[in-house]
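Encoded as C-alpha cells, the structure appears first; notes follow it.
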Amino acid sequence: MDGIHDLGGVDGFGAIKVERNEPVFHEDWEPLGYALGFLGMGLNWWTADQIRHAIERMEPRHYLSASYYERYLTGVASLYVEKGTVSQQQLEDLAGGRYPLALPATPGAQARTQEISYAVGETVLVTNTHFKGHCRMPRYVRGKQGIITHIAPPFPFAGSAGHGLEAKLEPTYHVRFQAKDLWSDAEENSSVVVDLWQSYLEKAP
Amino acid sequence: MDGIHDLGGVDGFGAIKVERNEPVFHEDWEPLGYALGFLGMGLNWWTADQIRHAIERMEPRHYLSASYYERYLTGVASLYVEKGTVSQQQLEDLAGGRYPLALPATPGAQARTQEISYAVGETVLVTNTHFKGHCRMPRYVRGKQGIITHIAPPFPFAGSAGHGLEAKLEPTYHVRFQAKDLWSDAEENSSVVVDLWQSYLEKAP
Amino acid sequence: MTDHQSTSNMAPKARRARALETALADKNLIPENYVEKITQIAEHKWDAKNGAMVVAEAWVDSEFRERLRTNATAACAELGFSGPQGEYIVALENTATLHNVIVCTLCSCTAWPVLGLPPDWYKSFEYRARVVRESRTVLREMGLDLPAEIEIRVWDTTAETRYMVLPCRPKGTEGWSKEALADLITQNVLIGVALPEV
Amino acid sequence: MTDHQSTSNMAPKARRARALETALADKNLIPENYVEKITQIAEHKWDAKNGAMVVAEAWVDSEFRERLRTNATAACAELGFSGPQGEYIVALENTATLHNVIVCTLCSCTAWPVLGLPPDWYKSFEYRARVVRESRTVLREMGLDLPAEIEIRVWDTTAETRYMVLPCRPKGTEGWSKEALADLITQNVLIGVALPEV
C-alpha cells in the first residue's frame with residue numbers, strides 16, 4: 001500500500017535528533033509489543049509480515065502521532081483482536097479509555113507464477129503496479145530502473161505473507177539505483193540499494 | 001515539495017464522514033486564519049501561494065493531527081512571525097502554551113524561461129523533477145502522460161509566488177489522465193484532470 | 001521513542017488563534033470590524049445557493065448555458081457572483097455518459113463565490129487522498145452509485161481554475177420555476193458527490 | 001473540521017500495553033517469565049558490541065574477513081551471533097571511495113543479533129524519510145562530513161536481508177588487540193552514520 005509508512009523521500013521532516021547514551025527501552029511497557037507479537041508468531045498465528053502490515057494499516061493520523069513501540073503494540077493488539085482472542089471492547093475496558101486498532105486489511109496477493117530470474121549486473125525495471133495490501137516495494141522505486149548487485153536467498157513473498165496466505169519462496173535482489181534517478185534533487189554521488197522480491201521486477205526494455 | 005500534504009492517491013485513509021446541516025464555522029475562532037491571512041495579503045505582505053506553502057511546511061505530525069482551520073491559522077501565524085511582526089515567544093506568552101509554526105522555507109523556483117506552448121488535444125509529459133519548495137504538481141502525475149483539454153489564462157507561477165518571488169505569468173493547462181495510467185488499481189472508466197502550469201509540462205516523446 | 005514535541009503540550013487552538021489576533025490588534029494592524037466582516041462574507045455571501053442559481057439559469061436559458069460553458073467567470077458575474085477564489089471559474093457539464101467531481105488534493109481550493117466555503121468532508125484527508133484513485137467507491141460510500149458505463153472525471157484544483165459542476169436537469173422538472181429548480185441544487189451537487197433529487 | 005477521533009481520548013499507551021498483557025494472561029496464553037525473558041534478550045543479547053567484535057575480527061583476520069564478505073550470516077554465527085532478524089546478514093564493506101549507510105524506510109528492520117535493537121533516531125520518520133534522498137546532508141547533520149568524492153550508498157532494508165557496515169580500519173591502530181579495536185565500533189558506526197574514531 002502507498003501508505004503513510006512509506007516514508008522514503010517524503011519532504012518536510014526536520015532534523016534527526018540523537019539521544020546520547022540511549023537505553024534500549026525508555027519505559028517498562030515498551031517490550032510488550034515485541035514480546036506479545038513473538039508469542040503469536042510462536043503459536044503460528046501470524047508472521048512478522050502480518051505484524052508489519054498491521055502497523056501499516058493504522059489510521060494515518062494515529063501512525064504519525066505514535067511512538068515506535070506504540071505502533072508495534074497497536075499492530076500486535078490488532079492481530080489479537082482480528083484473531084478473536086480478545087475484543088476491542090475488552091481492551092478498552094481494561095485500558096480505561098479508547099484503544100484504536102489498525103483499519104481492516106484488504107486481500108493479499110500472490111507472487112508472479114511465471115519464473116523470471118535476473119543476473120548480477122543486469123539492469124531491471126521495477127513494476128509500475130499498485131497494490132493496497134502489504135507491499136515491500138517502496139513507492140520511490142516504482143517504475144524505475146536499477147542494476148542488480150546481489151541475489152539473496154528465497155524468502156516468502158511479502159504480499160502473501162503479510163496477509164497470512166501461503167507464500168511462494170522467491171529470491172530477493174539487491175537493486176542499486178542512482179539517487180538522481182529517483183529524485184532529481186537527490187544528493188550528488190549517492191545511490192540507494194533496495195532489496196526487492198523477484199515479483200517486483202521486470203526485464204528492462 | 002513531496003510533503004505530507006500531497007495526499008492524492010495515498011492509501012490507508014478510512015471512510016469519508018459527512019456532517020448533516022453543517023455550519024460554515026464550528027467554533028468562533030475558526031474565521032481568524034482566513035481573516036488575518038487576507039489582512040497580510042491586503043498589505044502585500046504575502047500571496048495566497050505563500051499561505052498555502054506555509055501550511056505545507058508545517059511539521060508533518062502537526063499537519064496530520066490538526067484540523068483545517070488550525071492548519072490555516074498555523075500557516076498565517078508562521079508568515080507573521082517570518083515577517084517579523086510578532087515573535088513566536090510573544091505568541092506563546094499570549095496563548096499560554098506551545099505555539100508550533102511551520103518549518104523554514106527552502107529557496108523558491110523560477111518558471112522555465114523557454115516558452116513551450118501546447119495545444120488542446122496534444123499529449124504532454126509531466127516533468128520528472130523534484131523541488132523542495134512550493135509546487136502545485138501533485139506527485140501522482142510526475143512523469144506521466146496526459147492530454148490537454150483546456151488552456152486557462154496566465155497566472156503567477158506557483159514555484160515563485162509561493163516564496164514571495166516575482167512570478168512569471170504562465171498559462172495553466174487542464175491535463176486529463178486516465179486514472180489507470182496513474183494507479184494500476186484505480187477505478188475503471190475514470191479519469192483525473194489536473195491543472196498544471198506550463199513549466200510543469202514537456203512535449204511528449 | 002518518545003512522542004514528538006511538535007504535537008505535545010500545544011496551547012489549545014482557540015487560544016492560539018486569539019493570541020495571533022491580540023498580537024496584531026496590539027499593533028493596530030486590524031481595521032475595525034475586519035474579522036467580523038470577513039466572517040459575515042464567509043457565512044453569507046459565499047454560498048452554494050449562488051451556484052444553485054447559476055445551474056437553474058443554465059437549465060432554463062440555453063443562451064446563458066452557452067455563456068456559462070464558454071466563460072463561466074463572466075456568466076457567474078452576470079448573476080452577481082464573483083470575488084476571491086472566483087477569478088477564473090470553469091463549469092463542468094455532466095452528460096448522460098460523464099460525471100464530474102471536484103477535489104483539491106493539495107489543500108482545499110474551492111470556488112467560494114458560487115460553491116461557498118467547502119464542507120469539512122471536502123477538506124478531509126480521506127476525501128483528498130481517495131477520490132482521485134477510487135472515485136467510484138468514494139461516491140458510492142457517499143450515497144451516489146453510478147453505473148459502470150458512466151465515466152467519472154475527477155478535477156483536481158491544483159492551479160487557479162475554480163470549478164463547479166453543471167449537473168443534468170432531472171426528468172420531471174419541465175416548467176418548474178428557476179427558484180424551484182435551484183432548490184434541487186445542493187453544495188454536494190455542485191461539487192459532484194450528489195445528483196439533484198426530484 | 002473537528003479533530004479526528006483516532007487520536008483523541010486514547011487510553012495512555014502504557015495502559016493500552018498492560019491491557020493487552022492482562023487480557024492474554026487471563027487466558028493463560030503467556031508462559032511464565034515470557035516477557036521478562038524477551039526483555040532480557042533485547043537488552044543484553046542483541047547488542048552492538050557483537051557487531052563490534054565481528055568488525056574487529058575482520059580487521060585482524062583476513063580469512064575471517066573473506067568469510068564475512070561471502071557469507072556474513074555464517075561468519076557472525078562463528079562468533080556466536082545469530083537469531084531473529086539475523087537469518088540473512090550481509091556485511092557492507094566501506095572502501096576509500098565508498099561509504100555505506102543502512103536504513104529501513106518502510107518500518108525499522110535491523111540486524112538485531114549484531115547491531116542490537118536500533119536507536120530511536122534510526123526509527124524516526126526524519127531519518128527514514130530523508131536519508132535516502134539527502135544522504136550527505138543527513139550524515140553531515142549527524143556529525144559525519146564526507147568528502148564529495150566518496151560515494152554514499154544507502155541500503156534500504158525492504159526485504160529479509162539484514163545489513164551491517166564494515167568500516168575501514170583507522171590508521172594508527174596497528175598492533176591493537178581485538179578488544180581495543182572493538183571498542184572503536186559503536187552502534188552508529190555499524191549503521192553507517194559515524195566512523196570509528198581513534
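Just so it is clear: chains get the letters A, B, ... in the order the sequence lines come, proteins before strands, and each one is counted from 1.
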**Request:** Among C:Val138, C:Ile30, C:Leu29, C:Asn100, single out the residue with the greatest number of heavy-atom pairs under 4.5 Å to chain B.
**Result:** C:Leu29

**Asked** Which answer fits B:Ile55, side chain, backbone, both or neither, if we ask what part of it has an atom under 4.5 Å from a heavy atom of chain C?
**Response** neither

**Fill in**
Expected contact set for residues 103-111 of chain C against chain B at heavy-atom separation under 4.5 Å reads C:Cys104, C:Thr105, C:Leu106, C:Cys107, C:Ser108, C:Cys109

**Asked** Taking the inter-plane angle between the rings of B:Tyr34 and C:Trp112 on a 0 to 90° scale, is it parallel (under 30°), tilted (30 to 60°) or perpendicular (over 60°)?
**Response** tilted

**Request:** Give, as side chain, backbone, both or neither, the part of B:Asp28 having an atom under 4.5 angstrom from any heavy atom of chain C.
**Result:** both

**Prompt:** Are the side chain of C:Tyr88 and the backbone N or O of B:Ala152 linked by a donor-acceptor pair below 3.5 Å?
**Reply:** no

**Asked** If you count heavy-atom pairs under 4.5 Å between each of B:Leu43, B:Leu196, B:Leu94, B:Asn189 and chain C, which one has the most?
**Response** B:Asn189

**Request:** Between chain B and each of C:Thr22, C:Thr137, C:Val101, count heavy-atom pairs under 4.5 Å; write down the option with the most.
**Result:** C:Thr137

**Asked** Any donor and acceptor pair, going by atom type alone, linking the side chain of B:Arg136 with main-chain N or O of C:Thr158 inside 3.5 Å?
**Response** yes

**Message:** With no hydrogens and no angle check, just 3.5 Å: does a side-chain donor-acceptor pair link C:Thr161 and B:Asp195?
**Reply:** yes

**Asked** Relative to chain B, which of C:Glu149, C:Glu21, C:Glu141 shows the most heavy atom pairs under 4.5 Å?
**Response** C:Glu21

**Asked** Which atoms of B:Arg52 come close to chain C, meaning under 4.5 Å heavy atom to heavy atom: side chain ones, backbone ones, both, or neither?
**Response** side chain

**Item:** Region of B:Thr85 that comes under 4.5 Å of a non-hydrogen atom in chain C
**Value:** both

**Request:** To the nearest 0.5 angstrom, please state how far the CZ atom of B:Arg98 sits from the CZ atom of C:Arg16.
**Result:** 9.0 Å

**Prompt:** CZ of B:Phe13 to OH of C:Tyr127: how many Å apart, nearest 0.5 Å?
**Reply:** 15.5 Å

**Message:** Can you tell me which portion of C:Gln40 sits under 4.5 Å from chain B's heavy atoms? Options are side chain, backbone, both or neither.
**Reply:** neither

**Fill in**
So CH2 of C:Trp155 and NE2 of B:His174: to nearest 0.5 Å the spacing works out to 6.5 Å

**Message:** Could you check whether any side-chain heavy atom of C:Leu117 comes within less than 4.5 Å of a side-chain heavy atom of B:Phe25, counting everything from C-beta outward?
**Reply:** yes

**Message:** Between C:Glu151 and B:Ser190, is the side chain to side chain donor-acceptor pair (under 3.5 Å) condition met? List the steps.
**Reply:** CA-CA 5 Å; C:Glu151 177 190 339; B:Ser190 72; over 6 Å; no

**Prompt:** Can a salt bridge be assigned to the pair C:Asp120 and B:Lys17 using a cut-off of 4.0 Å between side-chain N and carboxylate O?
**Reply:** no

**Fill in**
Scored by heavy-atom pairs under 4.5 Å with chain B, the best of C:Ile38, C:Ile41, C:Val131 is C:Ile38

**Message:** For B:His5 together with C:Phe125, are the ring centres under 6.0 Å from each other?
**Reply:** no

**Item:** Side-chain heavy-atom pair C:Val132, B:Trp183 within 4.5 angstrom cut-off
**Value:** yes

